[in-house]
Amino acid sequence: MEIKDIIKPENLIYTKTKNMTDKPLSYCPGCGHGTAHNITMEVVEEMGITEDTIGVAPVGCSVLAYEFMNIDMTQAAHGRAPAVATGIKRVYPDKFVFTYQGDGDLAAIGGNETLHACNRGENIVIIFVNNGIYGMTGGQMAPTTLDGMKTSTSPYGREIETMGAPLKMTELIAQLPGVYYVTRQAVHTPQAVRKAKKAIRKAFEVQRDKKGLAFVEIVSNCNSGWKMEPVKANEWMVEHMFPYFPIGDIKVNGKLK
Amino acid sequence: MAKVRGAIVVDTEKCKGCSVCIPTCPTDVIQLAKDVNRKGYHFLYMENPEECIACKNCAIVCPDGVISVYRVKV
Amino acid sequence: MADIKLMKGNEAIAEAAIRAGCDAYFGYPITPQSEVIEYLMMERPEDRTGMVVLQAESEIAAINMVYGAAGAGKKAMTSSSSPGISLKQEGISYIAGSELPAVIVNVVRGGPGLGTIQPSQADYFQTTKGGGHGDYRMYVLAPASVQEMVDFVDDAFEIAFKYRNPVMILSDGIIGQMMEKVELPPQKPRLSDKEIEELYGDWATIGKRKDRERNIITSLDLDPYKQEAHNHKLQEKYRLMQENELRYEMIDCDDADYIIVAYGSSARISQKAMNLAREKGYKVGIFRLITLFPFPTKPLNELAGRVKGFLAVEMSSGQMIEDVKLAIEGKAKAEHFGRYGGVVHSPEEVLEALENQIIKG
């Protein structure tokens, strides 16, 4: 069997979703953002809600998400995506609204917006990519930067005494009654990607069923920020990030696990 | 069980040679090419095309969505 | 039969929002304007028109909720007072940069800092010179009565959507807190989602239709040449506003030798001062600004050709006076008078200032 006999349209079983544009992604090689974008857009396509979904991406590496996500998108000020999403969802209660935020955005400057959108139980999906660093601005310390982790603003390693401990925003908001589904996933292996996609699908179904806020954290690498090759960064992530940010469901059907 | 043969097509201009897909291939089909694309990235190619079983692992984990997968029952 | 009520300014503007077909109001408590959201919560407009009312966790969140709803083609509004408006500046710059229609009400109080809860007009610079970053302008309406607090809401939404730009209603603690007889307009129906799609479907984020490209609301462009072109587009918008949307009122200026230039509460106080002056034989007129941007440069310049002097009366250390001086190009004397920090000047004080600084000065 020749390869060219296999590569025929009728034999195609997987390709990039139409809900992603053809624009080359601006993310660094091997960055989890791209994968997270893909599975989110695949979910929107598979649920047949492309015409009713509005994405909100704030400042951060994913500020250019509207270049890649082929749906109606709103760019939000740094930290304000949950408020922007609230504004959209409240005037269009039957549309699907999601935010796609980084750790600096969601847990630092936008901490209050995140807390209150969750506490109000806004019927939105929050996708939170946690790579323990500010990527877009060149690798500064973020709220989720690990103890001892070197960044451009913690060059000798994060010191808990002066810079506080890494912030578990996901566990924090999971305590709020308005939050119905909370999970932490990853996208560094095919198995992890499959699970993360199921989680995002579940989150959008929570929104569809108006059960409250659905929150999906995706622990991801930041190769340029961590100054590691992608595959090594993923190994480092498993070894260092996962123990502090354990993967798995945290709250399901409104109940803490 | 009917044998399955697979093959992938890589958008070589968009591949960034990040290698995240390489360790996920159960039959060691894929490697980075010696050549580079316009952006200077070594792009992915099928080094052992006959071994591909169209499991889609590489395509699913690819951050840039550059891999299309084909499968045919033999 | 006209719908006439005795209403407090803050409550009147809330009722006017409902009647203007507003889709969403996002607010936050701050004296002297908390009655706006209190009234809306009490009135429950979602039962009357489907209008959404939500108290946000901060003024920052509120302006960003407005940004979201406006980006989806809806009539969105927020209100606050000076310190809260300062918090909204980044959001307002985003709304201007993304070319979104929005109405923001500032019931000004004395500053700076926490300041006081008494009235003031010291936010003029912030309002007209752009309190946020970048080259942008808000269209600014300055009500001088509870009736104008009502009338200007629909006017503001019309301008906001005509130009896809933020519009500010710059009131103050006096007008917000005082009660006056007011005639309320009939209910304007809210636009249906279908109508919004027809009217604004080419830019609003309402869900990407199969037959069109995705809509993107953003103020970002990493290509400076595109951003420069975008800026020129915004400036052209402001030029058109200057040309077509200028509003002011001239009271007894035809025979006047001296002109008081004022807006909002100061214009009301100055009318009494004018009467007192006329009783003393001084021919005084009032030039009342209704829009602060666009500023009435031409009309003031023309007046300057035939009057002896201008007194800019504003409850601030003198901000609008700068624009008055720019407008009249030195053709006549122009000075500022105003109690400020939260103190309200009396008509007698205005007359005294007019006499000492302009007539005899």
Side-chain angles (χ1 to χ4, degrees), chain A residues 1-39 41-42 61 68 129 186-197 218 220-221 223-224 228-235 237, chain B residues 2-27 29-33 36-74:
Chain A
M1 164 93 50
E2 289 295 325
I3 295 299
K4 60 178 173 40
D5 301 329
I6 301 171
I7 299 172
K8 289 205 186 95
E10 62 272 24
N11 298 334
L12 179 68
I13 57 163
Y14 183 89
T15 190
K16 181 168 71 61
T17 164
K18 293 191 305 314
N19 278 6
M20 286 292 280
T21 66
D22 293 329
K23 199 157 196 325
L25 297 178
S26 54
Y27 304 115
C28 307
C31 169
H33 267 306
T35 326
H37 279 37
N38 285 331
I39 53 178
M41 286 302 105
E42 283 175 3
C61 283
F68 316 122
V129 178
V187 286
H188 62 304
T189 66
Q191 300 77 1
V193 171
R194 290 189 179 98
K195 281 209 205 91
K197 182 174 171 181
I218 296 178
S220 167
N221 57 6
N223 311 320
S224 58
M228 294 176 204
E229 286 170 28
V231 176
K232 287 224 171 27
N234 281 333
E235 285 157 9
M237 173 177 72
Chain B
K3 194 169 179 309
V4 162
R5 281 291 308 278
I8 63 168
V9 169
V10 177
D11 184 336
T12 55
E13 279 312 310
K14 278 203 195 144
C15 172
K16 295 176 182 167
C18 76
S19 306
V20 168
C21 55
I22 294 175
T24 71
C25 177
T27 54
V29 172
I30 45 178
Q31 283 303 335
L32 290 189
V36 293
N37 61 21
R38 255 182 309 108
K39 292 218 173 120
Y41 290 121
H42 294 280
F43 49 82
L44 192 74
Y45 82 109
M46 289 195 287
E47 191 183 47
N48 308 307
E50 306 72 28
E51 303 305 320
C52 177
I53 57 169
C55 71
K56 301 191 288 188
N57 273 5
C58 58
I60 282 171
V61 82
C62 172
D64 290 82
V66 306
I67 299 171
S68 298
V69 184
Y70 296 80
R71 174 197 288 157
V72 71
K73 288 196 177 58
V74 180

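Numbers restart at 1 for each chain; the letters A, B, ... are given by sequence-line order, proteins then strands.
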inquiry  = Counting only non-hydrogen atoms closer than 4.5 Å, does Lys197(A) touch chain B with its backbone (N, CA, C, O), its side chain (CB onward), both, or neither?
reply    = neither
query = If you take all heavy atoms of Leu32(B) and His42(B), which pair is closest and at what distance?
reply = CD2-O, 3.6 Å
message = Please classify the contact of Met1(A) with chain B as side chain, backbone, both or neither, using a heavy-atom distance under 4.5 Å.
response = both
task = Using non-hydrogen atoms and a 4.5 Å limit, figure out which bit of Ser220(A) sits close to chain B: side chain, backbone, both or neither.
result = neither
task = For residues Ile30(B) and Cys58(B), report the shortest heavy-atom separation together with the two atoms involved.
result = CD1-CB, 3.8 Å
ask   = Between Lys16(A), Lys8(A), Glu229(A), which shows the greatest number of heavy-atom pairs under 4.5 Å with chain B?
value = Lys8(A)
Under 4.5 Å from any heavy atom of chain B - which part of His33(A) = neither
query = Do you know which of Arg194(A), Met20(A), His188(A) has the most heavy-atom pairs with chain B at a distance under 4.5 angstrom?
reply = Arg194(A)
inquiry  = Using heavy-atom distances under 4.5 Å, tell me whether Ile8(B) contacts chain A through its side chain, its backbone, both, or neither.
reply    = backbone
Heavy-atom closest pair, residues Cys28(A) and Ser224(A) = SG-OG, 3.5 Å
remark   = Turns out that what part of Cys55(B) lies under 4.5 Å from chain A's heavy atoms comes down to backbone
remark   = Given Asp5(A), Asn38(A), Val231(A), Ile7(A), the one with more heavy-atom pairs under 4.5 angstrom with chain B than any other is Ile7(A)
query = When rounded to the nearest 0.5 angstrom, what is the spacing between CG in Leu44(B) and CG in Asn37(B)?
reply = 11.5 Å
ask   = Between atom NZ of Lys195(A) and atom CD1 of Ile39(A), what is the distance when rounded to the nearest 0.5 Å?
value = 12.0 Å
ask   = Checking heavy atoms, do the side chain of Val20(B), its backbone, both or neither come under 4.5 Å from chain A?
value = both
Over all atoms of both residues, closest heavy-atom pair of Ile67(B) and Cys62(B) = CD1-CB, 4.3 Å
key: Greatest number of heavy atom pairs closer than 4.5 Å to chain B - which of Val187(A), Asn221(A), Asn234(A), Asp22(A)   = Asp22(A)
ask   = Hey, which of Glu50(B), Glu13(B), Lys16(B) has the most heavy atom pairs under 4.5 Å with chain A?
value = Lys16(B)
key: Residue, of Val193(A), Ile6(A), Thr15(A), that accumulates the most heavy atom pairs under 4.5 Å with chain B   = Ile6(A)
request  = Check the angle between the aromatic planes of Phe68(A) and His37(A) and answer parallel, tilted or perpendicular using the 30° and 60° thresholds.
outcome  = tilted
message = So which atom in Ile3(A) and which in Pro49(B) form the shortest heavy-atom distance, rounded to 0.1 Å?
response = CD1-CB, 3.5 Å
ask   = OG1 of Thr12(B) to CZ of Phe43(B): how many Å apart, nearest 0.5 Å?
value = 5.5 Å
